[in-house]
Structures are given as structure tokens and as C-alpha cells.
Amino acid sequence: METQSIVVLDFGAQYSQLIARRVREQKVFSVVLPCTASIEEIRSYSPIGIIFSGGPCSVYDADAPVADKKVFELGLPVLGICYGLQFMVHALGGKVRAAEHREYGHAEVEVTPASELFQGLPNKLEVWMSHGDEALELPPGFQLSGKSPSAVAAVENPARKMWAVQFHPEVHHTKLGTEILKNFVFKICHATPNWTPQHFIDVTIAQVREQVGTGRALCALSGGVDSAVAAVLVDRALRDGKGRSRLTSVFVNNGVLRKNEFEKVQQNLRDKLGLHLVAVDATELFLGKLKGVTDPEKKRKIIGNEFITVFDQEAHRIEKEEGKVDWLVQGTLYPDVIESRSVRGPSQIIKSHHNVGGLPEKMKLKLIEPLKELFKDEVRRIGRDLGMPEEILQRQPFPGPGLAVRVLGEVTAERLDILRECDDIVVNEIKSAGLYHKIWQSFAVLLPVSSVGVMGDQRTYASTCAIRAVHSEDGMTADWVPLPYEVLKTISSRIVNEVKGVNRVVYDITSKPPGTIEWE
């Protein structure tokens, strides 16, 4: 069951993953690869079209990101966006220069309706521009198909299956941008809209069965949506005709879980999902390794390494009882991969995720990551098609390193206990206000900051708790939530009065970017 795709080659744009999402919204699979991806890697995704993303560089810079020019010889339709247009022009013999009039923000462009890319659209479009360079001379065979008041807005060479726009059709600010992308995907690339949750389930189950063969697998369960969906998906693949599964799900208490989570998750996953679950309390092991560590990246890597140590031990135990285990299943998502491995070409790594950048180089178990090319909302849709309960699917995301990246500074048992109580109050009050399912994430953070307070006419010197609540679609970007004052007032009052060790509460009003969702 081969899946056709649109490959997005990333030149360092902040919108690369958004281009992929817009394509996927049309039920067509898309994947983001670095612009340096080899022709063989590109071909491995069975592409029917290629999109060049934007990027912050100038094509004439000495270190400008470039793609293999053989991509133009694949015979596939290519769409360049922003820097992608400039790269196409520059690589094929045209000229690009610094623009006399840079364009940032809203603009009106006039396009040629006869162009397949703009078919069915008005000849004047409201678009979003973000560029300081412009195409001065077009390559041989290219023609102008769009113009802004001060620059080339679109070019094309239909005979060579090449189109490009200087603006960003993927952002909401370009009002008919989705229609432009749909024209490229369907009218030009002739895609079939068959990338549905059920299609993904069928293909993935077939791939896992082939990959694992007659072997056995462990699944690293966190209790969150991602690992739960991954477990159910692989469990379906590895069950025999008598209902016996060759998957053992392992839920590890790493000492940095939320209040009562170790018990609640076991109940949910055993009773509601019917998974073969093994629970391991490794609190002392993890907290021992984290002692004295304050650097966020070190925390993540330590947790990643210790998880693998525990899973290796469990695999060894299961081998004695049930047979050899070769595979480890993880609920890694696409944003994890993008942020951890800098899949976005010249983009920098933002942070390591414990299940990607935090893994040790040498592992005894081979990885199965069935969700690694999905965004969070797509995972939830897959879960619904698998018949999973909403109570599990609608859980807000929780980081793999748990409270270790919400206790800023050294992670100790005492500070974890303080944060658990604060976090429990935040979650309960958000739920009481009917906001839990409307918010992407809401949680508490314990800061390494003490301040003076007055409680019961006595001077206090205690910790500061920060509250964080954000809206997001996929975790790649996020906006802070203006929580109602009454909710904030109740949360603050309860934390200060009920949690010993905290005398000050602050609210984080930073979006992503520039901040990340988690503080570490």
C-alpha cells in the first residue's frame, strides 16, 4: 500500500511544517525534509510533487542553503515559496538581488488567472509577504505570472513543471492561499485525497507486521495521548487470531510524574485499552541520576538514557518468560523530530526531546516510531478511528521528561512534591472552569526563585510558582491564553494558601516563538 506524497524541502523557514500541514489538510500526505536531502531520500517517499520552503538567507550568501539541482530533473512539479522562488530563479540561470523596496506584511498582488496555479481565483489577491530580496531576471523559459507594486510576485515555466510565488500561501494572512496550494496539489500534481486516518492505520499495521515479523516488542508508555495511540496501533498489528499480543507495554514511574499519575495511568491503560501492561517504579534510579543536575539538556538526556536502561532490563526479564524482545515502540511525533534533529535544513536544534535527541547512540532494542510523521491533532484523529476513549485522547500534552523540565534548577523530591500540589490545583481549576479541552496545555512551573512574603503577619521567604496556559495546533507555535481573572485569582489564592513552600504566583504571557511551551 504505497502512499503518494508531497515533499517539502526546507531551507530554514519557520513555516515549513505549516506548509506540510496545509497539504495534509487536503488528505494528501506530506513530509518535511532538509533542503540537503539526497535524491534517493526524496524518492523514498514516492513524491508526486515538491515544494521549496522559504528561508531567512539570501541566495547569493556564501553559506546560503541549497538543494541538489538534480531535483529539477526528476520530472515532478515543483512549487517554490519565498526563498524557494529565489533559489529556483538563481539555480536555473536567473538573477536575484537585494530589493530596493522590501516587503513585509500584507500586500496586494496581481496574478495571471490563466496560470494553472491561480486557476479559478480572482486576478487580485491579498497575500502575506516577507522578503528583502527579489528576482531581477528570470531564467530561460520562465514567465511572470504575478506582480506586486514593487516586485515579482509569481513566476512559472509550465513546460518544465515549475511554479513559484514570492508570498506565503500557507499562512492565514494570505486569504486564498489554501486555494493556491490546492491547485498545485490537485490540478498540477494530480494527487488523490486518500490519506485518511483509516488509510494510515492500515498502512502502519501492515508495515509493523512486516518489520517485527515473528518477534516481540516493548512499548514505552507515558500515559499521554501519543504513546497510548502508538501502543494500541502496534498492539493491533501484533495480535494473533486468538487475541494474544506480542507487545508488552511498560509504564515507568520516573519519579517526575504528576500527582497520583502512576496509579491513574495503570488503571486507564489496562481497563480501558486492554493493553498487556507492566508497571515499573524506578523513582530512586531517576532521581539519583538527576541529583545536582540543573542544565535542561542534561536532564533530558539523562532521562532518555535511563528510560532505555529500564526498558533493556524489562526486555531481558520478558525474554526469560515469554521470548526474545527486539523492538521498542515510542510515541515520537513529528514536532519532536523537527525540534530535536533539526530536520529543517539549516535551522538550529531548539531542544532535545528525551525520546529523540535524548536517546543513547547504542541501543540493544531497535526502534518502532509509528507516529513520527504525525502532528498531535492527527494522532487524536487516528486514536478516534481506533475506537479509543475521549478521556485518553483529550488529555493535554505532558512532556516525556515530566516535571523535571518544570522544576527549574535542581530536581529534588521536596521540590517535586511542591510542584505536584501546585500543578494539581492548576489542572483542577482549569477543568472546573470548563477550559481544559479548549486549551492545548495548562500547567505549573516551579522557579528557582525565592521571594519575601507576608503570611499570618509573619515574614516568609519561599518559592515562586509560574502558571502557563497556551493555545496551539501542533506544539510548533503557540499563543498564551488570556485566562479569566477569576480563574487566575482562584488558582493563585489556592496555591499560596494550600501549598507549603510557595508564597508567590506569576502568569507567563510569552508566546512560542520566542519562548518554548515548556520552560526547559
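Reckoned from all heavy atoms, side chains included, excluding hydrogens, waters and symmetry mates.
A donor-acceptor pair is defined here as one N or O able to donate and one able to accept, closer than 3.5 Å; such a pair exists between the side chain of S472 and the backbone of T477. Side chain of S16 to main chain of G12: no donor-acceptor pair is present (N/O by atom type, distance under 3.5 Å, no hydrogens or angles). Judged by distance alone, the side chain of Q330 and the main-chain N or O of E369 form no donor-acceptor pair under 3.5 Å. At least one donor-acceptor pair closer than 3.5 Å links the side chain of S245 to the backbone N or O of L247. When atom types are taken as modelled, the side chain of R380 and the backbone of L393 share a donor-acceptor pair closer than 3.5 angstrom. A donor-acceptor pair under 3.5 Å is absent between the side-chain atoms of D312 and the main chain of A315, judged by distance alone. Of the possible donor and acceptor atoms, one in the side chain of R236 sits under 3.5 Å from a partner among the backbone N and O of L386. Checking side-chain atoms of Q441 against main-chain N and O of P397 turns up a donor-acceptor pair under 3.5 Å.
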Please tabulate, for the side chains in residues 214-229, all donor-acceptor contacts under 3.5 angstrom to protein atoms that are two or more places apart in sequence or on a different chain.
from: R216; atom 1: NH2; to: E322; atom 2: OE1; distance (Å): 2.7
from: S222; atom 1: OG; to: G224; atom 2: N; distance (Å): 3.1
from: S222; atom 1: OG; to: S227; atom 2: OG; distance (Å): 3.1
from: D226; atom 1: OD1; to: K376; atom 2: NZ; distance (Å): 2.8
from: D226; atom 1: OD2; to: K376; atom 2: NZ; distance (Å): 2.9
from: S227; atom 1: OG; to: S222; atom 2: N; distance (Å): 3.0

Throw together a table of side-chain donor-acceptor distances under 3.5 angstrom for residues 403-410, partners on residues two or more places apart or in other chains.
from: R406; atom 1: NE; to: E518; atom 2: OE1; distance (Å): 2.9
from: R406; atom 1: NH2; to: E518; atom 2: OE2; distance (Å): 2.8
from: E410; atom 1: OE2; to: G292; atom 2: N; distance (Å): 2.9

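Considering only residues two or more places apart in sequence or on other chains, E263 meets the salt bridge (Lys or Arg N to Asp or Glu O under 4.0 Å) condition with none of them. With sequence neighbours left out, the side chain to side chain donor-acceptor pair (under 3.5 Å) criterion links E179 to no other residue. For D240, the salt bridge (Lys or Arg N to Asp or Glu O under 4.0 Å) partners two or more places apart in sequence, or in a different chain, are R244. The side chain to side chain donor-acceptor pair (under 3.5 Å) test applied to S493 returns N497, not counting sequence neighbours. Residues passing the side chain to side chain donor-acceptor pair (under 3.5 Å) test with W519 are D508, sequence neighbours excluded. Applying the salt bridge (Lys or Arg N to Asp or Glu O under 4.0 Å) rule to R420 yields the partners D417; only residues at least two apart in sequence or on another chain are considered. With sequence neighbours left out, the salt bridge (Lys or Arg N to Asp or Glu O under 4.0 Å) criterion links R209 to no other residue. Under the rule for a side chain to side chain donor-acceptor pair (under 3.5 Å), the partners of K324 that lie at least two apart in sequence or sit in another chain are D326.
Atom OG1 of residue T36 and atom CZ of residue F11 lie 9.5 Å apart, to the nearest 0.5 angstrom. In this structure, CD in Q26 is found 5.5 Å from CZ in F186, a value given to the nearest 0.5 Å. Atoms CZ and CZ, from F307 and F286 in turn, are 4.5 Å apart once rounded to the nearest 0.5 Å. Atom-to-atom distance recorded for C189:SG and I48:CD1 is 5.5 Å, nearest 0.5 angstrom. Atoms OG1 and CD1, on T204 and I368 in that order, are 11.0 Å from each other to the nearest 0.5 Å. The NE2 atom of H471 lies 10.5 Å from the OG atom of S442; values are rounded to the nearest 0.5 Å.
Nearest heavy-atom pair across R468 and W480 is NH1-CB, 4.4 Å. Between Q266 and F251, the shortest heavy-atom distance links the atoms CG-CD2, 4.0 Å. Shortest non-hydrogen contact noted between Y45 and L33 is CE1-CD2, 3.9 Å. Residues V28 and T192 share a closest heavy-atom pair of CG2-O, 4.1 Å. Heavy-atom minimum distance, A444 versus I467: CB-CD1, 4.3 Å. Summarising the geometry of E170 relative to R22, their closest heavy-atom pair is O-NE, 2.9 Å, with the distance given to 0.1 Å.
Listed by first and then second residue, the salt bridge (Lys or Arg N to Asp or Glu O under 4.0 Å) pairs involving residues 424-447 are K259-D424, E429-R494 (not counting sequence neighbours). Residue pairs meeting the salt bridge (Lys or Arg N to Asp or Glu O under 4.0 Å) criterion with at least one member in residues 266-288, sequence neighbours excluded: K272-E391.
Each of I51, V32, L79 was compared with I19 under the side chain to side chain contact (heavy atoms under 4.5 Å, CB included) criterion, and only I51 meets it.
Side-chain contact between F200 and L374 is present, with at least one heavy-atom pair separated by less than 4.5 Å. Between N503 and S451 the shortest side-chain heavy-atom distance falls below 4.5 Å. With contacts defined as side-chain heavy-atom distances shorter than 4.5 Å, the pair S53/I81 does not qualify. When side chains are defined from C-beta on, R300 counts as touching E297, because their heavy atoms get closer than 4.5 Å. Residues V411 and L416 meet the side-chain proximity criterion, which asks for heavy atoms closer than 4.5 Å. In this structure the side chain of L9 reaches within 4.5 angstrom of the side chain of I42, judged on heavy atoms. In this structure, the side chains of K489 and Y485 stay at 4.5 Å or more apart for every pair of heavy atoms. In this structure, P370 and I205 have side chains that are not in contact, with every pair of non-hydrogen atoms separated by 4.5 Å or more.
R24 forms no cation-pi arrangement with F375, by the criterion of a distance under 6.0 Å to the ring centre and an angle within 45° of the ring axis.
Atom CD of E321 has more than 12 neighbouring heavy atoms from other residues, nucleotides or ligands inside a 6.0 Å radius. For R43, the CZ atom sits in a loose shell: 12 or fewer heavy atoms of surrounding residues, nucleotides or ligands are nearer than 6.0 Å.
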- Working for side chain to side chain contact (heavy atoms under 4.5 Å, CB included), residues W440 and I517: CA-CA 10 Å; W440 175 264; I517 294 177; 3.8 Å; yes
- Message: Pair V499, I418 - check side chain to side chain contact (heavy atoms under 4.5 Å, CB included), show working.
- Response: CA-CA 7 Å; V499 183; I418 291 173; 3.9 Å; yes
- Passes side chain to side chain contact (heavy atoms under 4.5 Å, CB included), V427 versus I430? Steps please. CA-CA 5 Å; V427 172; I430 292 290; 5.8 Å; no
- Between E306 and N254, does a side chain to side chain contact (heavy atoms under 4.5 Å, CB included) hold up when you go through it step by step? CA-CA 9 Å; E306 294 314 306; N254 55 9; over 6 Å; no
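Inspection of the Q211 and Q207 side chains reveals no N or O donor paired with an N or O acceptor under 3.5 Å.
D385 and R381 are not joined by a salt bridge, as no carboxylate oxygen comes within less than 4.0 angstrom of a charged side-chain nitrogen. Using a cutoff of 4.0 Å between basic side-chain nitrogens and carboxylate oxygens, E261 and K264 are not scored as salt-bridged.
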